[in-house]
Novice: 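I have a structure here, written as structure tokens, and I will follow up with some questions on it.
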There are 2 protein chains.
Amino acid sequence: MLYTVGEMAKRLGVAPSTLRYYDKEGLLPFVERSSGGIRMFKDADFEWLQVIECLKKTGMSLTNIKHFIEMSMQGDDTIDERLTLIIKQKEAVKAQIDDLSKTLKTLEFKEWYYKTAKETGTTSVPRNMTLGELPEEYREVRKALRGE
Amino acid sequence: MLYTVGEMAKRLGVAPSTLRYYDKEGLLPFVERSSGGIRMFKDADFEWLQVIECLKKTGMSLTNIKHFIEMSMQGDDTIDERLTLIIKQKEAVKAQIDDLSKTLKTLEFKEWYYKTAKETGTTSVPRNMTLGELPEEYREVRKALRGE
DNA sequence: TCTTGACTTAAAGTTGACTTTAACTTGTAT
DNA sequence: ATACAAGTTAAAGTCAACTTTAAGTCAAGA
């Protein structure tokens with residue numbers, strides 16, 4: 001099965017211009033062309049594009065993704081480097097999840113804060129509560145917010 | 001306790017120019033000035049800046065953060081809107097965590113893939129395995145990557 | 001053959017969030 | 001009184017990752 005840039009873009013849910021841009025930047029060295037110069041994406045290319053998508057979601061730059069693709073094109077000599085890179089990105093994603101979990105805790109505190117404000121009619125009620133009056137789960141969050 | 005822009009920036013771990021930029025964009029209407037025009041940050045302002053940081057981490061744009069700050073300056077009439085916004089951001093962060101968890105699963109598959117390639121000396125071994133030969137936990141991930 | 005929609009490239013434009021620069025002012029320490 | 005680090009502004013510059021534009025080419029259907 002072969003796809004034009006528009007068809008592959010639709011399958012991936014991205015704009016055709018994005019795929020052309022990636023190609024121009026050297027991220028798609030595996031894509032072949034028709035005799036007339038039109039890009040012909042194979043099914044295997046879809047998998048490459050999914051890997052690119054995955055690495056993008058880890059926060060990796062296109063430049064570094066390009067390096068990974070280049071390594072992959074090199075063949076089996078680069079397996080070790082690729083493994084190392086994947087493990088590094090895995091750790092990076094774990095760190096991002098931890099970070100977002102902290103952000104989530106802060107938002108849960110703020111939700112409680114505004115729910116309490118709503119019930120009492122004013123933010124001064126939750127704002128002026130002592131630490132002891134706060135639900136225990138929000139104490140550390142408030143201390144951090146206030147720099148204590 | 002009062003802080004200059006440089007002192008507050010250091011406390012937050014950001015560049016002074018960032019705080020000046022936020023101020024210029026209207027995100028810091030609460031910051032007061034000395035008679036000579038120098039910004040004097042209060043301890044309460046540190047808390048505002050932490051809230052701005054938190055909202056930034058949720059992926060909210062500075063424009064929308066500005067709206068939230070403006071609502072907060074409005075006073076108790078906007079409690080309900082602020083609560084709604086916080087809940088929306090909470091859901092957004094949960095979705096981001098779910099997304100990253102999927103990305104993590106894909107990276108774990110890739111880690112297994114390259115470890116297997118390393119052991120056998122070639123990526124063709126993990127690549128050509130049938131679904132049944134794969135560890136069960138990676139089957140769905142590989143199907144998704146290949147678009148099956 | 002002709003039309004038409006989708007393809008091609010190079011180059012310029014966009015966006016958001018800063019950072020840097022230049023020219024000038026403030027405030028503290030000697 | 002003077003020096004000097006750190007403050008001020010407006011305006012321009014930077015960066016990554018696209019998107020848009022313009023001018024032209026390809027390929028499938030009537």
Side-chain angles (χ1 to χ4, degrees), chain A residues 1-42 45 48-69 89 92 96 99 103, chain B residues 1-42 45 48-69 89 92 96 99 103:
Chain A
M1 192 63 183
L2 292 172
Y3 308 83
T4 64
V5 71
E7 288 161 351
M8 185 52 96
K10 190 165 241 171
R11 191 169 168 199
L12 287 162
V14 304
S17 61
T18 304
L19 294 183
R20 294 197 186 100
Y21 171 68
Y22 287 179
D23 196 11
K24 196 179 60 167
E25 294 298 301
L27 274 83
L28 316 181
F30 43 80
V31 174
E32 295 177 21
R33 302 287 186 124
S34 76
S35 54
I38 290 189
R39 290 177 189 83
M40 306 301 287
F41 289 80
K42 304 173 292 297
D45 299 347
W48 279 115
L49 287 161
Q50 296 272 75
V51 170
I52 290 172
E53 266 307 291
C54 172
L55 291 177
K56 261 205 337 181
K57 284 182 183 169
T58 72
M60 192 182 272
S61 69
L62 293 189
T63 304
N64 285 334
I65 294 175
K66 182 184 170 178
H67 292 151
F68 178 79
I69 298 285
Q89 287 317 110
Q96 287 177 53
D99 231 63
T103 300
Chain B
M1 190 65 182
L2 291 173
Y3 308 83
T4 64
V5 71
E7 288 160 352
M8 185 53 95
K10 191 165 240 173
R11 192 170 168 197
L12 286 162
V14 304
S17 61
T18 304
L19 294 183
R20 293 199 187 99
Y21 170 68
Y22 287 179
D23 196 10
K24 195 181 61 169
E25 293 300 301
L27 273 83
L28 316 181
F30 42 81
V31 174
E32 295 177 21
R33 302 287 185 124
S34 75
S35 54
I38 291 187
R39 290 177 188 84
M40 306 300 288
F41 289 79
K42 302 173 294 297
D45 299 346
W48 278 115
L49 287 162
Q50 296 272 76
V51 170
I52 289 172
E53 265 308 292
C54 171
L55 291 176
K56 260 205 337 179
K57 284 182 183 169
T58 72
M60 191 183 273
S61 69
L62 294 189
T63 305
N64 285 335
I65 294 174
K66 182 184 170 178
H67 292 152
F68 178 80
I69 298 286
Q89 287 316 111
Q96 286 176 54
D99 231 60
T103 299

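Values below: every heavy atom of this structure, side chains too, minus hydrogens, waters and symmetry copies. Each chain gets a letter, A, B and so on, in the order the sequences are listed, and its residues count up from 1.
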Novice: Under 4.0 Å between a Lys/Arg side-chain N and an Asp/Glu carboxylate O for A:D23 and A:R33?
Specialist: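 Looking at A:D23 and A:R33, the cut-off is met.
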Novice: Could you tell me how far apart B:L27 (CG) and C:dA17 (C1') are, to the nearest whole angstrom?
Specialist: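 Interatomic distance, CG of B:L27 to C1' of C:dA17: 11 Å.
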Novice: State which of C:dG27, C:dT9, C:dC18 makes the closest approach to the side chain of B:I38.
Specialist: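 Output: C:dG27.
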Novice: Please state how far atom OH in A:Y21 lies from atom P in C:dA10, giving the value in whole angstrom units.
Specialist: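 In whole Å, C:dA10 P lies 15 Å from A:Y21 OH.
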Novice: Is the shortest side-chain heavy-atom distance between A:D45 and A:L28 below 4.5 Å?
Specialist: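 No; the side chains remain at least 4.5 Å from each other.
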Novice: Without decimals, in angstroms, what is the distance between A:L19 CG and C:dA6 P?
Specialist: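 From A:L19 CG to C:dA6 P: 16 Å.
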Novice: Side-chain contact test, heavy atoms from C-beta onward, threshold under 4.5 Å: evaluate it for A:I69 versus A:V51 and give yes or no.
Specialist: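 A side-chain contact under 4.5 Å is absent here.
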Novice: Can you check the B:N64 CG to C:dG16 C1' distance for me, whole Å?
Specialist: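 Interatomic distance, CG of B:N64 to C1' of C:dG16: 12 Å.
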Novice: Which part of the nucleic acid, if any, lies within reach of B:S17 when heavy atoms closer than 4.0 Å are counted: base, sugar-phosphate only, or nothing?
Specialist: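 It contacts base atoms.
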Novice: Checking contacts here: which listed nucleotide (C:dT19, C:dC18, C:dG27) is nearest the side-chain heavy atoms of B:Y22?
Specialist: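 Within the option list, the nearest is C:dC18.
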Novice: Give the first and the last nucleotide of DNA chain D, reading 5' to 3', that has any atom under 4.0 Å from a heavy atom of chain B.
Specialist: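 Footprint of chain B along DNA chain D, 5' to 3': D:dG7 to D:dT9.
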Novice: Nearest whole angstrom, please: distance from the P of C:dG16 to the CE of B:M60.
Specialist: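 For the pair B:M60 CE and C:dG16 P, the rounded distance is 15 Å.
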Novice: Using the closest heavy atom to pick a nucleotide of DNA chain C for each, name whichever of B:T63 or B:G36 lands nearer the 5' end.
Specialist: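 Between the two, 5'-proximity favours B:T63.
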Novice: Looking only at side-chain N and O atoms, does B:K24 come under 4.0 Å of OP1 or OP2 in C:dT19?
Specialist: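 For B:K24, the contact criterion (side-chain N or O under 4.0 Å from OP1 or OP2 of C:dT19) is not met.
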Novice: Under 4.0 Å between a side-chain N or O of B:R33 and OP1 or OP2 of C:dT25?
Specialist: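 No, because none of the side-chain N or O atoms of B:R33 sits under 4.0 Å from OP1 or OP2 of C:dT25.
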Novice: Considering the options A:T4, A:L49, A:L2, which one meets the side chain to side chain contact (heavy atoms under 4.5 Å, CB included) requirement together with A:F41?
Specialist: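 The residue from A:T4, A:L49, A:L2 that satisfies side chain to side chain contact (heavy atoms under 4.5 Å, CB included) with A:F41 turns out to be A:L49.
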Novice: Applying a 4.0 Å non-hydrogen cut-off, can you work out what A:T18 is touching in the nucleic acid: base, sugar-phosphate, or nothing?
Specialist: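 Answer is sugar-phosphate: A:T18 comes under 4.0 Å of backbone atoms only.
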Novice: Is the phosphate of C:dT9 approached by A:R20 (side-chain N or O, under 4.0 Å from OP1 or OP2)?
Specialist: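 So the side-chain polar atoms of A:R20 never come under 4.0 Å of the phosphate oxygens OP1 or OP2 of C:dT9.
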